[in-house]
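Below is one structure, written out as structure tokens, with a few remarks after it.
The structure presented is a predicted model; accordingly, all values stated were derived computationally and were not measured.
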Amino acid sequence: MPESDMARPLLERDNSVGPWGSCSGGTIGILGTGDFARSLATRLLCSGFKVVVGSRNPKRNVGIFPAEAELMSQEEAVKRVELVFVALYKEHYSTLRSLAGALSRKILIDISNNQEVNTKGESNAEYLASLFPHSTVVKGFNVVSAWALQSGPKDGNKQVLLCSNCPEARSHVAGIARSMGFIPVDMGSLCSAREIENIPLRLLPFWKVPVVLALCLFLFFYLYNFVRSVLHPYLIENKNKFYKIPIDLVNVTLPCVSYVLLSMVYLPGILAAFYQLHRGTKYQRFPDWLDQWMIHRKQIGLVSFFCACLHAIYSLCLPMRRSARYLLINDAVKQVKDGGADAWVEEQVWRMEIYVSFGIMALGVLSLLAITSLPSISNSLNWREFNFIQSQLGLVALLISTLHTLTFGWKRAFDGNFYKFYLPPTFTLTLVVPGAIILARVTLLLPCIHRRLMKIRRGWERRSSFQIMMTNCTEEMAESSSNV
């Protein structure tokens, strides 16, 4: 890269109309001199605004802001603008009380966040509004990072959540957000501020349940495989197979987790269909646990895909292990000693070929499902296309994964030698939920059931005998009244 390009600033002033909207050229005030305040000043200047920064010590902070920004005392800055960004922590709001007169009838944009999730208490924006009752407080820009402000919204979150009790103030701040290249989202009145302030504090809220579920499944199947593949040979046959712990057991456990998680993506849809058939209507809410389950389906599916990818990588690494080489040499030596000339077993060859082929196809379909779940891809699909990929192809992926599992197990479920401590092979456990889903899906496709379900989803309701009797009575009374 040329040295001149490296010397160029990250942001350049552009007063022309660009892809982020036109520049209004108004003057905006900022109270505070922290990192976020500096990034905000840079973004506003590059969007065509004039910026004045109010500081308790302007001379000390003059070197850390862009040259175009004017630094002055807080009193002077407030007097020169009609809109002020309050870039201070909540505990410092009280230091602004001396400016209450100057801030009267002006818009204050609260950009602060809390240190922990606030579930019951007053929001920062509401506290600021109580301190300055004659000012209009708008909550916003707290979900935007300083990096997004410096680099531009193309490299960060583009949404800016806004709320205020004054619709005109919300509209005005929304216009400023658009000029800065962001997408304003109107969240209503100031009572929504607590929810907006909690958003940056939440760590992957929709991923906790899927990750915990995956970890629990992994722990269960790993211990189950450990008992069967390591503990049983050590106690019964006096064989040391603890070398399987790092790779072999993990590789056998990952597909079990992936397969069960994939089935759990489509299980709530099956349960919802039977709920509607049982109730005879679509206008009754599902139980809360089923609602939450359906909300987390996307994340469960992505965790399933992640486990499937890890399984594929682990499988490719199996021949690289030193233990695999030793076992291969031992088998060859044993075959020579036994006088065997050909170790080819036609049935096992075909089983492995089909097993690997189904595994590759299943991973391919899962990759397609994962890609189309990305917002950039899903937004380019219409509802029918998205539903076909996520629903129909998803069930195809489940079916192929079932065939992959069955060809892996082959006859082992019927061979007593594969039952360790009377525990069945692991693959038989993983088939329970997917097998039930496939049978339930076939049941829902039966013409008599499918027609009833489609009628319910189009608004038809099954009425009880009491409802029918009441309807007939109402109609008879209406006819009698009309005759009179």
Side-chain angles (χ1 to χ4, degrees), residues 214 217-218 220-221 224-225 228-229 248-271 273 297 300-319 345-373 387-415 417-419 423-446:
L217 288 172
F218 184 88
F220 169 76
F221 283 114
Y224 191 87
N225 290 320
R228 285 178 38 83
S229 303
D248 258 350
L249 291 185
V250 175
N251 186 49
V252 175
T253 302
L254 284 172
C256 300
V257 177
S258 176
Y259 186 37
V260 174
L261 287 177
L262 180 62
S263 65
M264 297 185 74
V265 173
Y266 298 97
L267 180 57
I270 299 293
L271 295 177
R297 286 184 297 177
I300 294 175
L302 290 175
V303 175
S304 170
F305 173 67
F306 175 72
C307 293
C309 291
L310 287 181
H311 170 55
I313 296 173
Y314 269 87
S315 298
L316 293 175
C317 295
L318 290 179
V345 180
E346 189 74 16
E347 179 183 349
Q348 294 301 321
V349 169
W350 276 100
R351 182 185 73 84
M352 183 57 64
E353 296 292 323
I354 296 173
Y355 160 70
V356 174
S357 178
F358 279 136
I360 294 173
M361 287 190 290
L363 183 60
V365 179
L366 282 176
S367 302
L368 180 61
L369 295 174
I371 292 173
T372 53
S373 68
N387 183 65
F388 171 77
I389 294 175
Q390 293 294 326
S391 180
Q392 306 303 324
L393 289 186
L395 290 172
V396 170
L398 183 63
L399 181 60
I400 296 175
S401 300
T402 302
L403 295 175
H404 176 65
T405 305
L406 289 173
T407 52
F408 169 79
W410 207 247
K411 301 177 181 179
R412 298 179 186 179
F414 309 102
D415 189 345
N417 294 326
F418 287 95
Y419 284 75
L423 298 176
T426 311
F427 79 93
T428 58
L429 301 182
T430 63
L431 286 169
V432 175
V433 178
I437 291 176
I438 293 173
L439 291 176
R441 184 67 178 178
V442 172
T443 302
L444 292 174
L445 290 177
L446 295 176

Reported [atom1]-to-[atom2] distance for the pair [X] and [Y], which is rounded to 0.5 angstrom:
X    : Y    : atom1 : atom2 : result
N225 : L249 : CG    : CG    : 6.0 Å
I360 : F358 : CD1   : CZ    : 11.5 Å
T253 : H311 : OG1   : NE2   : 10.5 Å
L444 : I437 : CG    : CD1   : 11.5 Å
L393 : Q390 : CG    : CD    : 8.5 Å
I389 : L368 : CD1   : CG    : 5.5 Å

How would you list, by chain and number, every residue that makes a side-chain hydrogen bond (donor to acceptor under 3.5 Å, both in side chains) with [X], sequence neighbours excluded?
X    : result
T405 : none
T428 : none
R351 : Q348
E353 : none

State, with a plain yes or no, whether a side-chain heavy atom of [X] is found less than 4.5 Å away from one of [Y].
X    : Y    : value
R441 : Y266 : no
T402 : L406 : yes
R297 : P268 : yes
S373 : L302 : yes

If we ignore hydrogens and angles and just use 3.5 Å, is the side chain of S258 paired with the main-chain N or O of L254 as donor and acceptor? no

Short side-chain to backbone donor-acceptor contact, S304 and I300, under 3.5 Å: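 Here the side-chain-to-backbone pair does not exist.
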
Which residues satisfy the ring pair (Phe, Tyr, Trp, His ring centres under 6.0 Å) test with F306, sequence neighbours excluded? none

Ring pair (Phe, Tyr, Trp, His ring centres under 6.0 Å) with F388: which residues, sequence neighbours excluded? none

Of the non-hydrogen atoms in A308 and L366, which two are nearest, and what is the gap between them?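 Here A308 and L366 meet closest at CB-CD1, 4.0 Å.
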
Provide the closest heavy-atom pair for V257 versus A214 in the form atom of the first, atom of the second, distance. CG1-O, 4.0 Å

Over 60° means perpendicular and under 30° means parallel, so tell me whether Y355 and H404 are parallel, tilted or perpendicular. parallel

Residues two or more places apart in sequence or in another chain: which of them pass salt bridge (charged side-chain N to carboxylate O under 4.0 Å, His left out) with E347?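 With neighbours one apart ignored, the set is K411.
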
State whether the number of non-hydrogen atoms from other residues, nucleotides or ligands found under 6.0 Å of Y419 atom OH is greater than 12. yes

Quick one: list whatever passes side-chain contact (heavy atoms from CB on, under 4.5 Å) with [X], sequence neighbours left out.
X    : answer
S401 : Y259, L262, A362
L271 : L267, W289, L290, W293
V260 : L217, F221, S263, M264, T430
R228 : Y224, K420, L423, P425, T426

From the list L369, L261, L310, L363, side-chain contact (heavy atoms from CB on, under 4.5 Å) partner of F305 resolves to L363

Listed once per pair and sorted, the salt bridge (Lys or Arg N to Asp or Glu O under 4.0 Å) pairs that draw on residues 248-264, sequence neighbours left out: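 Pairs touching residues 248-264 that pass the test: D248-R321.
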
